[in-house]
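Hydrogens, waters and symmetry mates are skipped; everything else that's a heavy atom, side chains included, is used. Every value quoted in this text rests on a predicted model; they were computed, and no experiment measured them.
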Amino acid sequence: MSSVERPEPAAVPETALWTLWQRAVEARRPDAVLHDPKAVDLVERIDYPFAERFGTSGFQSQLQALRVACFDREVADFLAREPRGTVVCLGEGLETQYWRIDNGRAHWLGVDLPETVALRERLLPPGPRRRCLAADATDLTWTDEVDRKRAVLVTAQGLCMYLPPAQVKALIAGCADRFPGGSMVLDAVPRWFARLTVSGRMRTAAYQAPPMPWAMDAGERDKLRTASPAVTAVRDVRPTGGRGLLGALLPLALTVPWPAAHRPSVMVLNFAEGPEPA
């Protein structure tokens with residue numbers, strides 16, 4: 001039996017626990033849109049009042065799972081093209097993507113703050129192809145830990161919205177400059193949602209979402225190319241599937257002009273090719 005972990009409330013961002021809980025709630029369903037047994041296992045091993053803090057909304061958990069599935073699809077496509085490539089997960093938290101889509105040959109590097117990495121390594125000990133680095137994702141010294149001779153995909157899932165806009169731009173530019181020919185997958189909340197978080201109005205009875213200073217409507221995604229001349233293309237990644245009411249509403253949210261332009265979004269950024277590594 002695995003030991004129970006009791007995270008210190010101030011040591012790990014609650015957002016990491018929130019996203020883990022949403023994946024586990026969805027994964028427990030027989031008709032789940034995201035199969036994530038490792039998330040279910042982690043929730044059972046962490047002594048935390050998940051349900052009391054975050055609730056058990058099937059709509060919310062499915063929405064989160066559909067977002068996560070967008071990242072999974074892009075990483076899986078990358079690994080199909082570059083089986084021995086490197087996936088760098090910024091702000092990894094307690095994400096369990098490795099156990100969902102690893103191909104047995106890729107290399108994985110998670111980058112997060114020291115307290116979160118310490119908890120993650122206790123719960124999910126590193127392996128031969130999977131390691132963690134305790135660092136601030138916005139401090140680009142972590143890029144020195146990445147083998148530039150391998151193809152690189154950087155993911156920033158649930159990270160950029162918590163950063164000031166200038167830091168988001170610098171992070172994109174830094175990745176584009178340091179990983180020529182690579183790519184990056186990130187997500188954004190729409191501006192109306194960010195305004196609610198900044199004003200403190202995005203809350204439930206027990207949980208208040210933290211402020212999200214960076215936001216971008218889906219219709220603005222081409223603006224990401226201004227972060228660096230090395231960003232050559234920006235592509236929208238649209239969620240697929242869904243069940244019940246959410247499944248019925250999703251096609252409308254993706255095609256009706258106003259909601260399509262003001263919805264949460266997941267995007268892939270491609271970086272310009274550079275000289276061959278020495």
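Note on L20 and Y98: same hydrophobic cluster, where clusters join Ile, Leu, Val, Met, Phe, Trp and Tyr whose side-chain heavy atoms are under 4.5 Å apart, directly or indirectly. V268 and L90 sit in two unconnected hydrophobic clusters of ILVMFWY residues. Membership requires side-chain heavy atoms under 4.5 Å apart, directly or through other members. Cluster membership check: M184 shares its hydrophobic cluster with L109, using side-chain heavy-atom separations under 4.5 Å among Ile, Leu, Val, Met, Phe, Trp and Tyr. Side-chain heavy atoms closer than 4.5 Å link hydrophobic residues (I, L, V, M, F, W, Y) into clusters, and following such links, even through other members, never connects W21 to L34. Note: the hydrophobic cluster containing M161 also contains M202 (ILVMFWY, side chain heavy atoms under 4.5 Å, direct or indirect links).
Ion pair D147/R84 not flagged as a salt bridge, since none of the NZ, NE, NH1 or NH2 atoms sits closer than 4.0 Å to an Asp/Glu carboxylate oxygen. Between D102 and R129, at least one side-chain nitrogen of the basic residue sits less than 4.0 Å from a carboxylate oxygen of the acidic one, meeting the salt-bridge criterion.
Nearest heavy-atom pair across P114 and A134 is CA-CB, 3.8 Å. Contact record, L42 with L94: CD1-O, 4.1 Å, taken as the closest heavy-atom pair. Heavy atoms only, all atoms of each residue included: I172 and A227 are closest at CG2-CB, 3.7 Å. Between N103 and R105, the shortest heavy-atom distance links the atoms OD1-N, 2.9 Å. Smallest separation of non-hydrogen atoms from E121 and P126: OE2-CG, 3.7 Å. Taking all atoms of both residues into account, the shortest heavy-atom contact from L159 to A137 is CD2-CB, 4.1 Å.
The CZ atom of F193 lies 15.0 Å from the CZ atom of R191; values are rounded to the nearest 0.5 Å. For the atom pair CG of L153 and CD of E74, the computed distance is 8.0 Å after rounding to the nearest 0.5 Å. Rounded to the nearest 0.5 Å, atoms CZ (F59) and CG (L249) are 6.5 Å apart. Atom-to-atom distance recorded for L186:CG and F71:CZ is 6.5 Å, nearest 0.5 angstrom. Once rounded to the nearest 0.5 Å, the distance linking CG of L140 with CG of D177 reads 9.0 Å. Interatomic distance, C70 SG to Q157 CD, rounded to the nearest 0.5 Å: 9.5 Å.
Between the side chain of R130 and the backbone N or O of A106 there is no donor-acceptor pair closer than 3.5 Å. D112 contributes no side-chain N or O that, together with a main-chain N or O of V117, makes up a donor-acceptor pair within less than 3.5 Å. The backbone N or O of A51 lies less than 3.5 Å from no partner atom in the side chain of T56, so there is not a single donor-acceptor pair. In this structure, the side chain of R120 does not engage the main chain of C132 through any donor-acceptor pair within 3.5 Å.
Side-chain atoms of V33 and L66, non-hydrogen and from C-beta on, do get closer than 4.5 Å to each other. With a 4.5 Å cut-off on side-chain heavy atoms, D36 and V68 do not count as touching. Residues V87 and L79 have side chains in contact (heavy-atom distance under 4.5 Å, counting atoms from C-beta outward). In this structure the side chain of M216 reaches within 4.5 angstrom of the side chain of L224, judged on heavy atoms. Counting only heavy atoms from C-beta outward, the side chains of D136 and W142 never approach each other to under 4.5 Å. Residues W108 and R131 are not in side-chain contact: their nearest non-hydrogen atoms beyond the backbone lie 4.5 Å or more apart. A 4.5 Å side-chain heavy-atom check between Q64 and V25 finds every atom pair outside the cut-off. Between F271 and V231 the shortest side-chain heavy-atom distance falls below 4.5 Å.
Using the six-membered ring where Trp is involved, Y207 and F54 have ring planes that are perpendicular, over 60° apart on the 30 and 60° scheme.
Among R100, K38, R67, the single residue meeting the salt bridge (Lys or Arg N to Asp or Glu O under 4.0 Å) criterion with E95 is R100. Exactly one of V4, V43, L17 qualifies for a side-chain contact (heavy atoms from CB on, under 4.5 Å) with Y48. That residue is L17.
Checking R23 against T96 by side-chain atom types alone, a donor-acceptor pair falls below 3.5 Å.
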Handout entry: Criterion side chain to side chain contact (heavy atoms under 4.5 Å, CB included) on R235 and V237, from CA distance to verdict
Key = CA-CA 6 Å; R235 175 169 53 84; V237 183; 4.2 Å; yes
Exercise for the section: Under the side chain to side chain contact (heavy atoms under 4.5 Å, CB included) rule, what do R263 and L254 come out as? Steps first, then yes or no, please. Expected result: CA-CA 8 Å; R263 58 178 169 82; L254 296 173; 3.6 Å; yes
Exercise for the section: Please lay out, stage by stage, how R45 and R122 fare under the test side chain to side chain contact (heavy atoms under 4.5 Å, CB included). Expected result: CA-CA 11 Å; R45 291 168 56 195; R122 290 196 299 272; over 6 Å; no
Exercise for the section: May I have the step-by-step check of side chain to side chain contact (heavy atoms under 4.5 Å, CB included) for R178 and D144, ending in yes or no? Expected result: CA-CA 9 Å; R178 287 164 175 79; D144 296 334; 5.8 Å; no
